[in-house]
Amino acid sequence: MNDSPHTAFSSSLPPPPATVLVAMSGGIDSTVAAMLLLEQGYDLTGVTYRVFDNISRGCMEKEKGCCSVDSLFEAKRMVEELGFAHHILDIRQEFKNSVISNFIDEYLHGRTPNPCVLCNSYIKWGKLVEMADTLGCRYIATGHYARIGRQDGRYFLKKGVDESKDQTYFLWMLTQENLSRTLFPLGGLTKPEVRKIAFDHGYEKLSKKTESQEICFIPDNDYRAFLAAQAKDFEEWCRPGCFLNTAGEKIGEHQGFPNYTIGQRKGLGIALGVPMYVVAINARENTVTLGTKEELKGKMCYAEQINLMKYASIPEGMTVTAKIRYRNEEATAFLFPEAGRIRVVFEREVNSITPGQSIVFYEGDDVVGGGIIILEL
RNA sequence: UGUCCCAUUGUGUAAUGGCAGCACAGCAGAUUUUGGUUCUGUUAGUCUAGGUUCGAAUCCUGGUGGGACAA
């Protein structure tokens with residue numbers, strides 16, 4: 001705690017000066033990250049993505065989402081003040097073809113996607129590395145609250161020191177190549193410390209900026225309306241169907257399975273005297289099964305699209321703590337590698353295991369790896 | 001057609017002559033770089049027309065609607 005913000009991370013960084021491509025969102029985190037790198041003597045170039053055209057969707061809400069056109073100008077202005085080169089990279093087409101199309105496709109298959117995970121891997125780091133190579137930058141940097149560890153020739157993520165802001169859950173898909181070139185200047189800092197740095201540098205307004213939130217390409221936060229507007233033949237997919245109980249009996253009518261997600265309680269419009277939650281979605285049958293909080297619990301799942309970090313392979317029965325959604329407590333789990341996937345058995349039952357969401361495995365602060373949850377083979 | 005029973009917020013239920021309450025649903029806010037969860041706040045009701053009473057969801061009479069038994 002007595003470490004100054006600067007020495008807190010300098011020991012793990014390569015000796016400056018080195019060239020760094022820093023992703024600037026216009027928010028406080030990436031801006032402070034850039035400030036810290038500058039003070040360390042790095043040679044910076046900034047880049048801001050234009051991922052989605054919010055203006056064309058009639059939404060000009062201020063300071064909403066990391067990717068609004070508004071924050072784009074904010075980022076450019078910041079970089080000008082800090083005094084290094086800045087590029088705007090228009091990747092709307094790639095973003096639409098990867099992140100958004102996957103988002104829609106997952107919902108139409110009855111799963112619940114996590115677009116941030118894909119975006120980090122495909123867009124943020126994918127494009128960052130590409131651009132760093134083009135510009136001849138050795139490193140890339142972002143304002144995430146995460147750290148990087150190294151062991152036996154492998155790179156892995158470590159949780160940010162500020163556990164309440166830890167963002168490793170969204171970064172499990174990063175490759176060894178990604179990690180080997182990444183700097184996280186904020187990994188050793190807490191959010192209040194970051195705000196103070198911004199304040200001390202004279203950026204009072206920035207220091208009080210609210211957190212970005214919601215899905216960045218859905219500014220009004222209504223993903224159901226977004227699906228209806230963007231998904232091809234949505235009416236074909238989204239038809240009223242049966243709410244079932246866990247015994248398979250009809251207990252009501254739903255508004256189309258893509259409108260629901262596992263664990264959902266609000267918006268069911270069904271009153272049974274006790275809270276009911278979505279416990280299963282069957283896209284093929286167009287049924288949505290409801291159950292009590294107790295019936296929401298589960299003890300195992302599979303993880304696919306595995307990305308390993310700390311170790312090259314997972315020993316049979318390895319004990320880890322697993323996180324099945326952001327801001328959830330980790331749960332002790334045992335891993336059993338199978339062909340192309342991992343079977344995950346939880347020590348105790350956990351709530352609402354949701355197909356499509358990420359599961360991330362930890363060993364203390366270290367990220368062992370992660371995958372996408374599926375329940376049935 | 002005869003007899004009996006029932007009717008309270010969107011739903012299910014408490015209150016037996018004395019401030020209509022609870023759960024679920026709904027709505028709003030807080031939290032949150034995904035969806036959801038969670039927390040806090042909140043809207044809304046005595047089927048209808050009369051009568052008894054200081055006072056009626058509650059007792060009496062008619063009506064309406066639903067159910068059961070009888071045929």
Side-chain angles (χ1 to χ4, degrees), chain A residues 23 25-30 49 51-52 63-68 71 99-100 102-121 123-124 142-146 160 162-173 186 191 194 209-219 221-227 243 251-255 257-281 288 290-293 296-298 323-329 350-360 370 372-373:
Chain A
S25 72
I28 177 171
D29 292 333
S30 56
Y49 299 124
V51 294
F52 201 81
E63 297 187 295
K64 270 276 189 174
C66 59
C67 310
S68 67
S71 14
V99 177
I100 294 181
N102 172 271
F103 179 82
I104 293 172
D105 192 59
E106 285 289 282
Y107 268 113
L108 294 188
H109 283 84
R111 294 185 290 264
T112 306
N114 187 334
C116 296
V117 168
L118 266 196
C119 176
N120 282 331
S121 159
I123 300 295
K124 291 212 173 101
T142 72
H144 284 95
Y145 290 82
D162 187 344
E163 280 235 25
S164 68
K165 289 297 300 176
D166 171 54
Q167 288 165 320
T168 51
Y169 178 78
F170 295 102
L171 299 173
W172 66 266
M173 249 190 196
L186 306 189
K191 186 78 186 194
V194 168
K209 202 165 175 179
T210 56
E211 305 285 356
S212 70
Q213 54 190 16
E214 328 294 321
I215 302 174
C216 69
F217 53 90
I218 308 179
N221 199 31
D222 186 348
Y223 84 85
R224 295 169 179 92
F226 178 86
L227 287 178
F243 274 136
I251 54 174
E253 189 168 88
H254 68 69
Q255 297 306 307
F257 72 85
N259 290 310
Y260 304 91
T261 184
I262 304 295
Q264 177 176 342
R265 171 182 175 180
K266 291 286 176 188
L268 304 179
I270 194 163
L272 296 182
V274 294
M276 296 298 280
Y277 301 84
V278 173
V279 301
I281 295 170
V288 174
L290 307 183
T292 62
K293 200 174 185 66
L296 197 53
K297 293 177 187 295
K323 188 182 264 202
I324 57 172
R325 65 170 52 64
Y326 188 52
R327 308 204 74 77
N328 233 48
E329 271 191 37
V350 295
N351 276 327
S352 47
I353 300 169
T354 308
Q357 290 285 288
S358 293
I359 181 167
V360 180
I372 305 274
I373 295 171

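A, B, ... follow the sequence lines: proteins, then strands. Residue 1 opens every chain.
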(request) Please name all residues satisfying ring pair (Phe, Tyr, Trp, His ring centres under 6.0 Å) with A/Y260, sequence neighbours left out, ordered by chain then number. (result)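 Per chain and number, A/Y260 pairs via ring pair (Phe, Tyr, Trp, His ring centres under 6.0 Å) with A/F243, A/H254.
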(request) Identify, with sequence neighbours excluded, every residue that meets ring pair (Phe, Tyr, Trp, His ring centres under 6.0 Å) alongside A/Y107. (result) A/F103, A/Y223
Find every protein N or O atom lying less than 3.5 Å from an N or O atom of nucleotides 38-40 of chain B, and list the pairs.
residue : atom : partner : partner atom : Å
B/rU38  : OP1  : A/R265  : NH1          : 3.3
B/rU38  : OP1  : A/Y277  : OH           : 2.5

Residues forming a side chain to side chain donor-acceptor pair (under 3.5 Å) with [X], sequence neighbours excluded:
{"X": "A/S352", "answer": "A/R325"}
{"X": "A/D162", "answer": "A/S164"}
{"X": "A/T168", "answer": "A/D166, A/Y362"}
{"X": "A/K191", "answer": "A/D29, A/E211"}

Result block: side-chain N/O donor-acceptor pairs under 3.5 angstrom for residues 108-118 of chain A, not counting sequence neighbours:
residue : atom : partner : partner atom : Å
A/H109  : ND1  : A/D105  : O            : 2.8
A/R111  : NE   : A/E106  : OE1          : 3.0
A/R111  : NE   : A/E106  : OE2          : 3.1
A/R111  : NH2  : A/E106  : OE2          : 2.9
A/T112  : OG1  : A/T261  : OG1          : 2.6
A/N114  : OD1  : A/C116  : N            : 3.2

Could you write out each protein N or O paired with an N or O of nucleotides 6-11 of chain B at a distance under 3.5 Å?
none

(request) With sequence neighbours excluded, tell me which residues meet salt bridge (charged side-chain N to carboxylate O under 4.0 Å, His left out) with A/E163. (result)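 Checked A/E163 against salt bridge (charged side-chain N to carboxylate O under 4.0 Å, His left out); matches are A/K159.
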(message) Listing request: all side chain to side chain donor-acceptor pair (under 3.5 Å) pairs with a residue in residues 263-279 of chain A, at least two apart in sequence or in separate chains.
(response) A/R224-A/Q264
(message) So A/Y326, base contact, sugar-phosphate only, or nothing? Heavy-atom distance under 4.0 Å.
(response) base
(request) For A/G267, answer base if it contacts any base atom (sugar-phosphate contacts may also be present), sugar-phosphate if it contacts only those atoms, and nothing otherwise; contact means non-hydrogen atoms under 4.0 Å. (result) sugar-phosphate
(request) Would you tell me if any nitrogen or oxygen in the side chain of A/N221 comes within less than 4.0 Å of OP1 or OP2 on B/rG35? (result)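 Looking at the OP1 and OP2 atoms of B/rG35, one of them is under 4.0 Å from a side-chain N or O of A/N221.
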(message) So that I can compare with my own list, what are the stems of RNA chain B, taken as at least three consecutive Watson-Crick or G-U pairs with distances under 3.5 Å?
(response)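 Listed by first number, the stems are B:1-7 with B:64-70, B:10-13 with B:21-24, B:26-30 with B:38-42, B:47-51 with B:59-63.
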